[in-house]
Amino acid sequence: MAQKTVLPEVKVRGQYNANPMQLQELSMDILVMGQTAVTTMEMTFYNPNDRVMEGEFEFPLSNGQEVSRFALDIDGKLREGVVVDKALGRQAFEDIARRNVDPGLLEKTEGNNFRARVYPMPAQGVRRILIAFEQELSQKDGRDFYFLPIASGVKLKHFKLRTEVVSRLVKADIENTLQLDFGQSRNSYISEVKKDNYTLDKNIGLTFPKIDKPQLLTASKGTDSYLYGNIALEKQSLREKEKPKSIGILWDISSSSQKRDFAKEFALLDAYFKEIKEVKVALTTFHIRSSAAIPFKVENGNWQELRQYLEKLVYDGATDPQAMLFPQESDEYFLFSDGIFNFRDKNFDFTRLIGQLHAPVNVVSSQLVANLDKLQYLSGATGGSFINLNTQEVSEAVKALQYQAFQVLDYKVKKGNVVNLYPQKGTLVGENFTFSGYLNSEDATLVVSLGYPNKVIVEKELTFSKNTAASDEEFALLRRVWAEKKIAQLRREGAESKEIDAIGRRYGIVTEGNSLIVLETAEDYVRYQIT
């Protein structure tokens with residue numbers, strides 16, 4: 001799978017003639033539980049300059065990846081960051097920075113991009129940085145798939161990789177990835193790799209055989225108990241969409257869209273048009289204003305006239321969400337955009353827009369830095385598909401566009417006490433459906449119904465039992481997964497950011513209104529009332 005590397009880097013701030021910071025050591029840990037993978041990267045950066053430097057740590061994440069940890073070395077030991085209100089974090093950061101002591105402040109910038117200042121970078125010395133993120137496994141050739149693109153050609157003094165997969169079989173993917181050998185240890189499969197003077201020229205890819213029965217996990221600590229379920233859906237049970245007779249394409253031509261992967265987007269359109277063969281297309285382009293709809297006709301899969309027009313487009317200016325023009329009388333819409341709206345109304349109310357649409361919006365994203373939450377909300381709320389070409393193969397994306405997605409129809413508690421289940425009714429689900437909730441009894445039986453409105457296609461009766469023997473790591477992960485699913489639900493519903501940010505602070509999740517901060521002294525934490 002061709003993809004840009006997501007290896008974090010530290011850039012020199014304010015010095016244009018300085019030598020760049022060098023990544024010398026990389027220690028990675030990958031933990032897979034159920035459908036969730038946690039990736040932890042501990043990095044040692046070297047400052048080759050003969051004076052102290054200020055660095056800027058940059059880390060772009062892809063769709064569905066959430067930062068779960070950030071730590072900096074202080075006095076030789078890693079100190080964990082804590083989630084704070086973004087305004088409070090900036091106030092503390094600026095106040096402390098005036099004392100010539102820089103704390104670490106990790107903020108979410110445009111899209112799913114993260115940035116932090118790192119000071120001091122000692123002259124001809126090193127600093128350690130740790131970052132961890134979570135994601136759900138994607139799909140490749142009908143199997144669950146984990147992929148981390150880190151093949152950057154960087155030469156490392158030391159490289160370590162530990163991979164643990166709980167309760168399911170795994171093997172290394174063979175396409176341009178590290179070859180990993182797994183051995184079984186209790187309920188897990190574990191692989192460990194250590195290399196010195198190693199050139200990082202391979203990505204990390206893991207494939208998992210399709211699960212033939214639901215995966216059910218629980219973890220309990222004290223009075224809190226969380227459950228997690230994963231159900232694989234059979235492709236033959238999905239409903240193929242009726243081929244559209246007309247589609248409206250909205251094409252973002254703002255300057256930030258120049259970084260989109262047009263080769264992948266064109267490959268997707270090419271494969272899609274070959275499948276549906278005959279369709280009328282109404283194209284509108286937009287940035288701070290929109291163009292009038294331009295008609296095209298695709299015959300026998302041939303869309304060369306449209307392609308040639310798209311290839312000649314010029315990208316410039318900011319993006320106004322109000323400039324999106326959805327051509328009338330279209331059976332479906334396709335939106336190609338990074339979703340970064342930086343002109344006029346940055347907090348555009350998508351709920352109002354969705355209420356005016358009478359056809360599904362299929363959203364296509366192809367760049368790492370993108371406002372994925374808003375784009376997913378738009379596609380999900382209209383019954384469209386969300387296509388992320390950074391993580392999906394073109395063939396899988398075309399299938400997603402051809403089939404109507406299942407919905408969550410109902411949860412019924414047959415026995416015991418289960419509450420606060422997410423995602424909620426009406427949520428669109430893909431080939432793997434994962435859900436989470438509170439387990440308030442020793443045992444519980446839950447009936448989950450999936451399908452189309454007023455038509456149940458899949459119904460599963462699942463029994464959960466409390467697991468007080470779960471490790472702290474397992475409990476923390478299931479707790480965070482539950483919170484992430486609640487946040488995703490609130491975003492789909494267009495909830496106020498204050499409500500989302502409050503959950504993020506309680507469960508340690510970085511949202512648009514939160515940051516992760518590392519302070520040097522205990523007195524600073526007390527002064528700013530940061531727990």
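Count residues from 1 along the sequence. Computed from a predicted model, the values in this text were never measured in an experiment.
Shown here for Gly248 and Pro327, the closest heavy-atom pair between the two residues is CA-CG, 4.2 Å. Looking at every heavy atom in both residues, Thr284 comes nearest to Ala293 through CG2-CA, 3.6 Å. Minimum heavy-atom separation, Ala400 to Ser385: O-OG, 3.0 Å. Closest non-hydrogen pair, Met53 versus Ala18, comes out as CE-CB, 3.5 Å. Across all non-hydrogen atoms, the minimal contact from Met21 to Met121 is SD-CE, 3.4 Å.
For the residue pair Ser255/Asp316, the side-chain donor-acceptor check at 3.5 Å is not satisfied. One side chain, Gln35 or Asp144, offers a donor N or O that lies under 3.5 Å from an acceptor on the other. A donor atom on one side chain and an acceptor atom on the other are found under 3.5 Å apart for Tyr146 and Thr39. When only modelled atom types and interatomic distance are considered, Lys259 and Ser366 share no side-chain donor-acceptor pair under 3.5 Å. For Ser330 and Ser246, the side-chain atoms include no donor-acceptor pair closer than 3.5 Å. With 3.5 Å as the limit, one finds no donor-acceptor pair spanning the side chains of Ser365 and Asn388.
Ion pairing between Arg289 and Asp320 fails under the 4.0 Å rule for side-chain N and carboxylate O. One finds no salt bridge joining Arg505 and Asp501 here, because no Lys/Arg side-chain nitrogen approaches an Asp/Glu carboxylate oxygen to under 4.0 Å. Ion pairing of Arg117 with Glu56 is absent here, as no side-chain N (NZ or NE/NH1/NH2) approaches a carboxylate O to less than 4.0 Å. A salt bridge links Glu58 with Arg115: the closest approach of a Lys/Arg side-chain nitrogen to an acidic carboxylate oxygen falls below 4.0 angstrom.
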- Query: Lys241 and Glu332: salt bridge (Lys or Arg N to Asp or Glu O under 4.0 Å), yes or no, with the steps?
  - Reply: CA-CA 11 Å; Lys241 290 181 184 177; Glu332 290 188 43; 3.7 Å; yes
- Task: Take Phe114 and Phe133 through the test ring pair (Phe, Tyr, Trp, His ring centres under 6.0 Å) and record every step on the way to the result.
- Result: CA-CA 11 Å; Phe114 291 82; Phe133 57 93; 9.6 Å; no
- Task: List the steps and the verdict of side chain to side chain donor-acceptor pair (under 3.5 Å) for Ser337 and Asp252.
- Result: CA-CA 5 Å; Ser337 175; Asp252 188 342; 2.8 Å; yes
- Message: Trp482 vs Tyr228, test: ring pair (Phe, Tyr, Trp, His ring centres under 6.0 Å). Steps then yes/no.
- Response: CA-CA 8 Å; Trp482 177 87; Tyr228 170 93; over 10 Å; no
- Message: Assess the residue pair Thr40 and Arg69 against the criterion (side-chain contact (heavy atoms from CB on, under 4.5 Å)); give the C-alpha distance rounded to whole Å, side-chain angles, the decisive distance to 0.1 Å, and a yes or no.
- Response: CA-CA 8 Å; Thr40 305; Arg69 284 179 68 193; 4.2 Å; yes
- Message: side-chain contact (heavy atoms from CB on, under 4.5 Å), that's the test. Do Glu265 and Leu389 meet it? Break it down for me.
- Response: CA-CA 8 Å; Glu265 292 182 357; Leu389 292 175; 4.1 Å; yes
- Message: Could you walk me through whether Tyr226 and Tyr438 satisfy the ring pair (Phe, Tyr, Trp, His ring centres under 6.0 Å) test, starting with their C-alpha distance in whole Å, then the side-chain angles of each, then the deciding distance to 0.1 Å, before giving a yes or no?
- Response: CA-CA 5 Å; Tyr226 295 89; Tyr438 286 167; 5.3 Å; yes
- Steps toward side-chain contact (heavy atoms from CB on, under 4.5 Å) verdict (Ile487, Thr511): CA-CA 9 Å; Ile487 287 174; Thr511 59; 4.2 Å; yes
- Item | Chi angles and distances behind the salt bridge (Lys or Arg N to Asp or Glu O under 4.0 Å) call for Glu136, Lys485 | CA-CA 11 Å; Glu136 289 207 335; Lys485 288 188 178 298; 3.1 Å; yes
- Message: Does Asn432 form a side-chain contact (heavy atoms from CB on, under 4.5 Å) with Ile231? I'd like the steps, not just the answer.
- Response: CA-CA 6 Å; Asn432 277 85; Ile231 301 172; over 6 Å; no
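A donor-acceptor pair under 3.5 Å links the side-chain atoms of Asp331 to the main chain of Lys245, judged by distance alone. Between the Thr382 side chain and the Val361 main chain, a donor and an acceptor come within less than 3.5 Å of each other. Gln367 contributes no side-chain N or O that, together with a main-chain N or O of Asp338, makes up a donor-acceptor pair within less than 3.5 Å. No donor-acceptor pair under 3.5 Å is formed between the side chain of Asn230 and the backbone N or O of Gly34. With Ser290 contributing its side chain and Thr285 its backbone, the two residues share no donor-acceptor pair below 3.5 Å. Asn203 places a side-chain N or O within 3.5 Å of a backbone atom of Ala151 that can act as its donor or acceptor partner. Not one N or O on the side chain of Ser436 forms a donor-acceptor pair closer than 3.5 Å with the backbone of Val481.
Separation of atoms CZ (Phe147) and OG1 (Thr207) is listed at 13.0 Å; rounding is to 0.5 Å. Ile253 contributes atom CD1, which lies 10.0 Å from atom CZ of Arg260 (distance to the nearest 0.5 angstrom). If you take CD on Gln407 and NZ on Lys455, they are separated by 14.0 Å, rounding to the nearest 0.5 Å. The line from CG of Leu148 to CG of Leu206 is 9.5 Å long, rounded to the nearest 0.5 Å. For the atom pair NZ (Lys297) and CD (Glu305), the distance works out to 11.5 Å, reported to the nearest 0.5 Å. Atom-to-atom distance recorded for Leu313:CG and Glu311:CD is 9.5 Å, nearest 0.5 angstrom.
Annotation: Asn454, atom CG; neighbour count of heavy atoms from other residues, nucleotides and ligands within 6.0 Å does not exceed 12. Counting heavy-atom neighbours within 6.0 Å of Gln15 CD, excluding the residue itself, gives a total above 12.
Considering Tyr333, Tyr309, Phe336 in turn, Phe336 is the only one that fulfils the ring pair (Phe, Tyr, Trp, His ring centres under 6.0 Å) rule with Trp251. Checking each of Val364, Leu268, Ile387 against Gln392 for a side chain to side chain contact (heavy atoms under 4.5 Å, CB included) leaves exactly one that passes, namely Ile387. When each of Leu130, Val510, Ile517, Val518 is tested with Phe70 by the rule side chain to side chain contact (heavy atoms under 4.5 Å, CB included), just one qualifies, namely Val518.
Between Leu7 and Met41 the shortest side-chain heavy-atom distance falls below 4.5 Å. No side-chain heavy atom of Leu23 sits less than 4.5 Å from a side-chain heavy atom of Glu9. Ile150 places a side-chain heavy atom less than 4.5 Å from the side chain of Leu200. Under the 4.5 Å side-chain criterion, counting only non-hydrogen atoms from C-beta, Val398 is not in contact with Glu396. Side-chain contact between Leu335 and Phe286: present, with at least one pair of heavy atoms (C-beta onward) separated by less than 4.5 Å. Looking at Pro8 and Met43, their side chains come closer than 4.5 Å, going by heavy atoms from C-beta outward. Counting heavy atoms from C-beta outward, Leu306 and Leu283 have side chains that approach closer than 4.5 Å. Residues Val12 and Glu54 fail the side-chain proximity criterion, which asks for heavy atoms closer than 4.5 Å.
Ring centers of Phe406 and Phe433: at least 6.0 Å apart, outside the cut-off.
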